[in-house]
Amino acid sequence: MTSGSDLKVPAPTATHEVRAVDGYPILLRRHGNPNGPRLVMSHGNGFAIDAYWPFWSRFVEGFDVFVFDIRSHGRNPVGGLDTHCIPMLSEDLVCVSQEIDNHFGAKGKVGVFHSLTALAALHARVGGGEFAALVLFDPPILLPGREMEELEALGSRMGKATRRRREHFGTPAEYINLLSHSEAFNGLDLAKLELFARSSLRPAADGNGFKLACPREHEARMWDALYPFARTVDFAAMACPVKVIGSDPTVPNSFLPSTVMPELIRLDYDFVPETTHLLQLEQPTECAAFMLDYLAKSALSAK
């Protein structure tokens with residue numbers, strides 16, 4: 001487990017290339033205890049799973065942890081824009097789950113996803129037994145106290161803002177400086193900002209500095225699709241248990257997991273006070289504690 005400024009992601013115990021249905025390669029990495037219960041983790045739009053190391057480091061001692069970046073993010077190559085969509089991402093989650101079983105041996109798995117991948121998981125074919133349960137962090141489904149149309153407006157604003165974003169930097173320090181002045185990253189200290197920057201940049205192909213690992217147009221396309229996919233989530237159709245851990249619902253642009261209040265009441269829903277949409281990065285210990293409590297109560301930590 002990491003502490004202080006030592007936020008370096010260790011080498012995995014194993015790696016494996018997963019081929020998606022369209023042939024796109026996804027790098028899968030294994031960490032932790034191979035004899036422990038199995039967790040499969042991924043991240044939000046424009047991010048990379050390495051940036052979540054302060055969170056998932058809490059599980060490597062007792063769990064069999066598989067992590068991967070979504071297509072055109074992190075350590076994966078940039079793929080085609082025409083296949084960069086939520087339905088394909090949902091298919092990718094299923095492919096990753098099935099390939100883990102095929103290559104490392106079948107075993108019950110809990111899917112742990114944040115934001116975009118949480119939304120993709122809710123549209124994936126998880127009824128086939130790919131996951132014993134899902135733990136979803138702040139799935140972007142409903143803005144508290146607002147109409148669904150306001151989520152459409154948010155997605156549109158975020159898409160436009162992403163397309164205007166700077167995507168080339170001479171050094172990682174330039175990107176860290178930019179993040180430090182962004183309100184969205186106010187909850188991260190310098191060590192976490194440095195980790196985020198290392199995880200989200202790749203050397204430019206021409207050897208001149210660094211570029212965002214996920215091109216801004218790829219990220220923007222996902223924001224464009226947010227509203228229609230949030231509107232069609234049906235928790236009642238899920239074949240496995242779903243735990244939702246949200247950010248503080250009193251914070252602007254946090255999310256609630258349902259558009260229907262009775263459904264929200266029925267859901268296994270908790271939130272972490274004084275956090276934003278980046279809750280796993282801001283308060284990794286508290287987020288891990290909520291998740292461990294759920295796994296223990298559900299007896300999933302013993303499987």
Do [X] side-chain atoms and [Y] backbone N/O form a donor-acceptor pair below 3.5 Å?
X	Y	result
Ser42	Phe68	yes
Asp293	Ala289	no
Tyr24	Ser72	yes
Thr117	His114	yes
Asp248	Thr275	no
Arg38	Val110	no
Asp64	Gly32	no
Ser97	Val94	no
His181	Asn177	yes
His168	Asn208	yes

Side chains of [X] and [Y]: closer than 4.5 Å at any heavy-atom pair?
X	Y	answer
Leu39	Phe66	no
Val112	Val40	no
Phe104	Arg30	yes
Thr232	His123	yes
Met291	Ile245	yes
Pro87	Phe229	yes
Leu81	Arg221	yes
Glu274	Val251	no

Do you know which two heavy atoms are closest between [X] and [Y], and how far apart they sit?
X	Y	result
Ala121	Met238	O-CE, 4.1 Å
Leu212	Arg166	CD1-O, 3.7 Å
Gly74	Arg202	O-NH2, 3.7 Å
Leu279	Asp138	CD2-CB, 3.9 Å
Pro139	Leu136	CD-O, 4.0 Å
Pro215	Glu167	CA-OE1, 3.7 Å

Is it true that atom CD of Glu149 has more than 12 heavy atoms of other residues, nucleotides or ligands lying nearer than 6.0 Å?
->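 Yes, enclosed.
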Honestly curious: do [X] and [Y] fall in one hydrophobic cluster under the side-chain, below-4.5 Å linking rule?
X	Y	value
Ile86	Leu154	yes
Val233	Tyr269	yes
Tyr52	Leu292	yes
Leu27	Val21	no
Met88	Leu28	no

Check the pair Arg19, Asp92 against salt bridge (charged side-chain N to carboxylate O under 4.0 Å, His left out), reporting the backbone distance first and the verdict last.
-> CA-CA 9 Å; Arg19 287 284 173 172; Asp92 290 348; over 6 Å; no
Full working for side chain to side chain contact (heavy atoms under 4.5 Å, CB included) between Val244 and Asp268 | CA-CA 6 Å; Val244 176; Asp268 195 336; over 6 Å; no
Does the gap between the ring centers of Phe169 and Phe210 come in under 6.0 Å?
-> no
Ring centers of Phe290, Phe271 separated by less than 6.0 Å | no
Give the ring-plane orientation class for [X] versus [Y], where under 30° counts as parallel, over 60° as perpendicular and anything between as tilted.
X	Y	result
Phe59	Phe63	perpendicular
His103	His16	parallel
Phe47	Phe185	tilted
Phe196	Tyr175	tilted

Residue list, ring-ring contact (aromatic ring centres under 6.0 Å, His included) with His43, at least two apart or on another chain =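 Per chain and number, His43 pairs via ring-ring contact (aromatic ring centres under 6.0 Å, His included) with His73.
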Nearest-0.5 Å distance that lies between atom [atom1] in [X] and atom [atom2] in [Y]:
X	Y	atom1	atom2	value
Leu226	Met222	CG	CE	11.0 Å
Ile49	Met41	CD1	CE	7.5 Å
Ser200	Asp50	OG	CG	9.0 Å
Leu188	Ser182	CG	OG	9.5 Å

Identify which one of Arg165, Arg163, Arg164 satisfies the salt bridge (Lys or Arg N to Asp or Glu O under 4.0 Å) criterion when paired with Glu217.
->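 Single salt bridge (Lys or Arg N to Asp or Glu O under 4.0 Å) partner of Glu217 among Arg165, Arg163, Arg164: Arg163.
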Where do Lys211 and Asp206 land on the salt bridge (charged side-chain N to carboxylate O under 4.0 Å, His left out) test, with the steps shown first?
-> CA-CA 10 Å; Lys211 296 192 72 173; Asp206 61 4; over 6 Å; no
Show your reasoning for whether side chain to side chain contact (heavy atoms under 4.5 Å, CB included) applies to Leu195 and Lys8.
-> CA-CA 7 Å; Leu195 175 63; Lys8 184 177 180 181; over 6 Å; no
Derivation and outcome, salt bridge (charged side-chain N to carboxylate O under 4.0 Å, His left out), residues Asp69 and Arg75 = CA-CA 7 Å; Asp69 297 308; Arg75 303 193 190 195; 5.1 Å; no
Given side-chain hydrogen bond (donor to acceptor under 3.5 Å, both in side chains), test His31 with Thr13 step by step and report yes or no.
-> CA-CA 6 Å; His31 293 262; Thr13 59; over 6 Å; no
Begin with the C-alpha distance, continue with both residues' side-chain angles, and end with the deciding distance and a verdict on side chain to side chain contact (heavy atoms under 4.5 Å, CB included) for Trp53 and Val67.
-> CA-CA 10 Å; Trp53 166 244; Val67 297; over 6 Å; no
Could you list the residues that satisfy salt bridge (charged side-chain N to carboxylate O under 4.0 Å, His left out) with Glu152, not counting sequence neighbours?
->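 Applying salt bridge (charged side-chain N to carboxylate O under 4.0 Å, His left out) to Glu152 gives none.
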Trace of the salt bridge (charged side-chain N to carboxylate O under 4.0 Å, His left out) decision for Asp101 with Lys107 = CA-CA 7 Å; Asp101 286 348; Lys107 187 176 177 180; over 6 Å; no
Can you list the steps and then say if His218 with Val78 is a side chain to side chain contact (heavy atoms under 4.5 Å, CB included)?
-> CA-CA 9 Å; His218 285 65; Val78 175; 3.9 Å; yes
